[in-house]
Amino acid sequence: MAVSDKPLLGQVAIVTGASSGIGAAIATHLASAGASVAIAARREEKLNQLRDEIEANNGTVFVMKTDVAKREDVKRLVAETEKQLGPVDILVNNAGIMYYTYMRSIQEDQWERTIDINCKGVMNGIGAVLNGMLERKKGHIVNMSSNAGRASFPGLAVYTGTKYFVEGVSSSLRKEIAGTGVKITCIQPGDVTTELIAHTTDQEAKAEYADGSGEKVLDPSDVARAVVYAVSQPSHVAVNEILIEPRHAPAV
Ligand code: NDP
C-alpha cells in the first residue's frame, strides 16, 4: 500500500468508547490509516473482539478497560498507552451515553450519569494528555460532540447540555492554545445507528422525540471518515468542527 494510503503511519491514537458504535468504527479507520490505536471502554470482551479484527488487518492495537468517569482510570490509560505504543498524538474523547427523557420525569440518576460520562469523561481525557501534547508541541484532541452541541433537542435536555459543555470547553481551549501545535476538533453527528438509544427507559419520551421517519440515518463509518479527515490535515490546517447529519434531517 502506498504511503499516502496510510496518512497516520507512526502516530499513536487513543479512542474512548471503542467497544461499540462510532468509537469502534473510529478505531478501525484510524488503524487502517496507519495509526497504532489504544482502545478503551468498560466492556473488555467487546474490546478484545475489536482488537482481533484490527490485528487481522495488520493493525497495531492496545486494549485497556477504562471507565472515563474515573480520572485515575484515564490517567492510567494514557500512561500505559505511552509505555506500550509511544507518546499520544491523537485522543478521541468519544465515550458517551444518552437517555431520552422528559425533564418532568426527574431522572436524577440518569442526569448525573450523563454528566459524569459526557462532561467529566471528556475533562478526564483532556487532563490526561494536554500537557504532554503541549510539551511535544503537537497533538490532536477530537471531542465527540453532536448536532445536539449546536441546537437544542426536547427529550434530550441534559444530553444537549453536556454536548454544549463539550463545545464550550473545546472552543475556549482552542483559543487558549492557538499556536502551540495542538489542535482541537469537535465532531457533531446527527443520528447514527448504534446502541446509544438502547439505554433509554422513558419509552414515552423516546416515542415522542426519536426519529421515527424510517429514513436512513448515518452509519458509524460515516463519522469515522470525518475523524480521519480532521486528523490527517497538514500541520497548519485546523478542522475545528465537522457537522455531519443524515440528509433528511438537518437539525441545525
Ligand atoms: P454506543 O452506545 O454504541 O457507544 C458508546 C460507547 O461509550 C461504548 O463503547 C461504551 O462502552 C462507551 N462508554 C459509555 N460509558 C463509558 C464509560 N463510563 N467509560 C468508558 N466508556 C464508556 O453509542 P455511539 O457510538 O452512538 O456513541 C459514541 C459517541 O457519539 C457518544 O459521545 C455520543 O454522544 C456521540 N453521538 C452519537 C450519536 C448517535 O446518534 N448515535 C449522534 C451524535 C453523537 P462500554 O459500555 O463498554 O463502557
Side-chain angles (χ1 to χ4, degrees), residues 14-29 37-51 63-78 91-100 109-110 112-125 128 142-151 153 155-156 158-167 170 185-200 206 209-211 213 215-224 226-227 241-246 249 251-252:
I14 295 177
V15 182
T16 69
S19 59
S20 64
I22 296 169
I26 292 170
T28 303
H29 279 66
V37 184
I39 52 176
R42 295 164 304 177
R43 287 171 297 172
E44 218 170 357
E45 278 293 294
K46 290 253 189 187
L47 293 174
N48 288 337
Q49 273 171 24
L50 180 64
R51 178 197 55 208
V63 168
M64 185 129 181
K65 184 179 160 115
T66 306
D67 182 343
V68 296
K70 295 184 180 154
R71 196 190 300 166
E72 289 318 310
D73 267 31
V74 181
K75 293 238 191 281
R76 199 173 319 120
L77 166 67
V78 171
L91 169 65
V92 185
N93 284 314
N94 166 76
I97 54 166
M98 180 184 92
Y99 302 96
Y100 276 102
D109 288 343
Q110 295 187 359
E112 189 168 12
R113 225 171 294 137
T114 308
I115 293 164
D116 280 349
I117 296 169
N118 297 11
C119 299
K120 291 187 193 165
V122 169
M123 297 321 300
N124 290 338
V142 178
N143 291 328
M144 192 53 62
S145 174
S146 168
N147 58 359
R150 296 276 304 271
F153 287 82
L156 289 174
V158 173
Y159 178 79
T160 300
T162 65
K163 295 303 185 181
Y164 271 67
F165 173 91
V166 170
E167 291 288 337
S170 302
T185 299
C186 282
I187 308 290
Q188 302 155 344
D191 281 351
V192 187
T193 312
T194 67
E195 297 173 12
L196 192 70
I197 206 168
H199 308 291
T200 289
K206 182 173 155 185
Y209 294 120
D211 180 0
S213 70
E215 296 275 352
K216 176 152 178 58
V217 298
L218 301 173
D219 292 320
S221 58
D222 299 324
V223 182
V227 172
E241 52 188 38
I242 298 180
L243 172 67
I244 171 170
E245 299 188 304
V252 174

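On a predicted model such as this, the values are computed, not experimentally measured, just so you know. Start at 1 and go down the list; that is how both ligands and their atoms are numbered.
A distance of 10.0 Å separates CG in Asp222 from CD1 in Ile22, rounded to the nearest 0.5 Å. Atom OG1 in Thr16 sits 6.5 Å away from atom CG in Leu91 (nearest 0.5 Å). The line from CD of Gln188 to NZ of Lys163 is 11.0 Å long, rounded to the nearest 0.5 Å. Taking CG of Asn94 as the start and CD1 of Ile39 as the end, the distance is 12.5 Å to the nearest 0.5 Å.
A salt bridge between Glu195 and Lys46 is present, with a side-chain N of the basic residue lying under 4.0 Å from a carboxylate O of the acidic one. Between Arg76 and Asp73 there is a salt bridge, with a side-chain nitrogen of the basic residue lying less than 4.0 Å from a carboxylate oxygen of the acidic one.
In plain terms, the two heavy atoms of Thr114 and Tyr99 that are nearest each other are OG1-CD1, 3.4 Å. A pairwise comparison of heavy atoms in Tyr159 and Ala148 identifies CE2-CB, 4.0 Å as the closest pair. Residues Phe153 and Ala251 share a closest heavy-atom pair of CZ-CB, 3.5 Å.
Checked by distance only, ligand 1 and Gly23 stay at 3.5 Å or farther apart across all their nitrogen or oxygen atoms. Residue-to-ligand polar distances keep Ile97 apart from ligand 1: every N/O pair is separated by 3.5 Å or more.
Against a heavy-atom cut-off of under 4.0 Å, Ala41 is close to the following atoms of ligand 1: 11 (O), 20 (C), 21 (N), 45 (P), 47 (O), 48 (O). Atoms of ligand 1 found under 4.0 Å from any heavy atom of Thr66 (numbered from 1 in listed order, with element): 19 (N), 20 (C). The Ser20 neighbourhood of ligand 1 comprises atoms 1 (P), 3 (O), 4 (O), 8 (C), 9 (O), with distances under 4.0 Å to a heavy atom of that residue. Atoms of ligand 1 lying under 4.0 Å from at least one heavy atom of Ala95, given by number and element, are 7 (O), 13 (N), 21 (N), 22 (C), 32 (O). For ligand 1, the atoms lying closer than 4.0 Å to a non-hydrogen atom of Gly21 are 3 (O), 25 (O). Annotation for ligand 1: atoms under 4.0 Å from non-hydrogen atoms of Ile117 are 15 (N), 18 (N). Here is the list of ligand 1 atoms found below 4.0 Å of a heavy atom in Ser146: 43 (C), 44 (C). Contact atoms of ligand 1 toward Thr194: 3 (O), 23 (O), 24 (P), 25 (O), 26 (O), 41 (N) (distance under 4.0 Å to a heavy atom of the residue).
Nearest protein neighbour of atom 9 (O) of ligand 1, counting heavy atoms only, is Ser19 OG, 2.8 Å. Ranking protein heavy atoms by distance to atom 35 (C) of ligand 1, first place goes to Met144 CG, 3.6 Å. Scanning all protein heavy atoms for the shortest distance to atom 42 (C) of ligand 1 gives Gly190 O, 3.1 Å. The shortest contact between atom 27 (O) of ligand 1 and any protein heavy atom is with Leu196 CD1, 3.9 Å. Among protein heavy atoms, atom 25 (O) of ligand 1 sits closest to Ile22 N, 2.8 Å. Of all protein heavy atoms, the one closest to atom 28 (C) of ligand 1 is Asn94 OD1, 3.4 Å. Of all protein heavy atoms, the one lying nearest to atom 39 (C) of ligand 1 is Val192 N, 3.5 Å. Given atom 36 (N) of ligand 1, the protein heavy atom at minimum distance is Tyr159 OH, 3.6 Å.
Taking a 4.0 Å cut-off on heavy atoms, Ala198 fails to register as neighbouring ligand 1. No heavy atom of Ala148 sits closer than 4.0 Å to any atom of ligand 1. Within the 4.0 Å heavy-atom shell around ligand 1 one does not find Lys70.
With contacts defined as side-chain heavy-atom distances shorter than 4.5 Å, the pair Asn118/Val166 does not qualify. Side chains of Ser19 and Gln49 form no contact here, defined as non-hydrogen atoms less than 4.5 Å apart.
The residue among Gly96, Pro220, Ala40, Gly121 with a heavy atom at the shortest distance from atom 5 (C) of ligand 1 is Gly96.
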Open item on the list: Would Asp211 and Ser213 count as a side chain to side chain donor-acceptor pair (under 3.5 Å) here? Give the steps.
Closed with: CA-CA 6 Å; Asp211 180 0; Ser213 70; 2.8 Å; yes
Task: Derivation and outcome, side chain to side chain contact (heavy atoms under 4.5 Å, CB included), residues Met98 and Leu156 - done: CA-CA 8 Å; Met98 180 184 92; Leu156 289 174; 3.5 Å; yes
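Taking a 6.0 Å sphere around NZ of Lys206, one finds it holds more than 12 heavy atoms contributed by other residues, nucleotides or ligands.
For Met98, no heavy-atom contact with ligand 1 is shorter than 4.0 Å.
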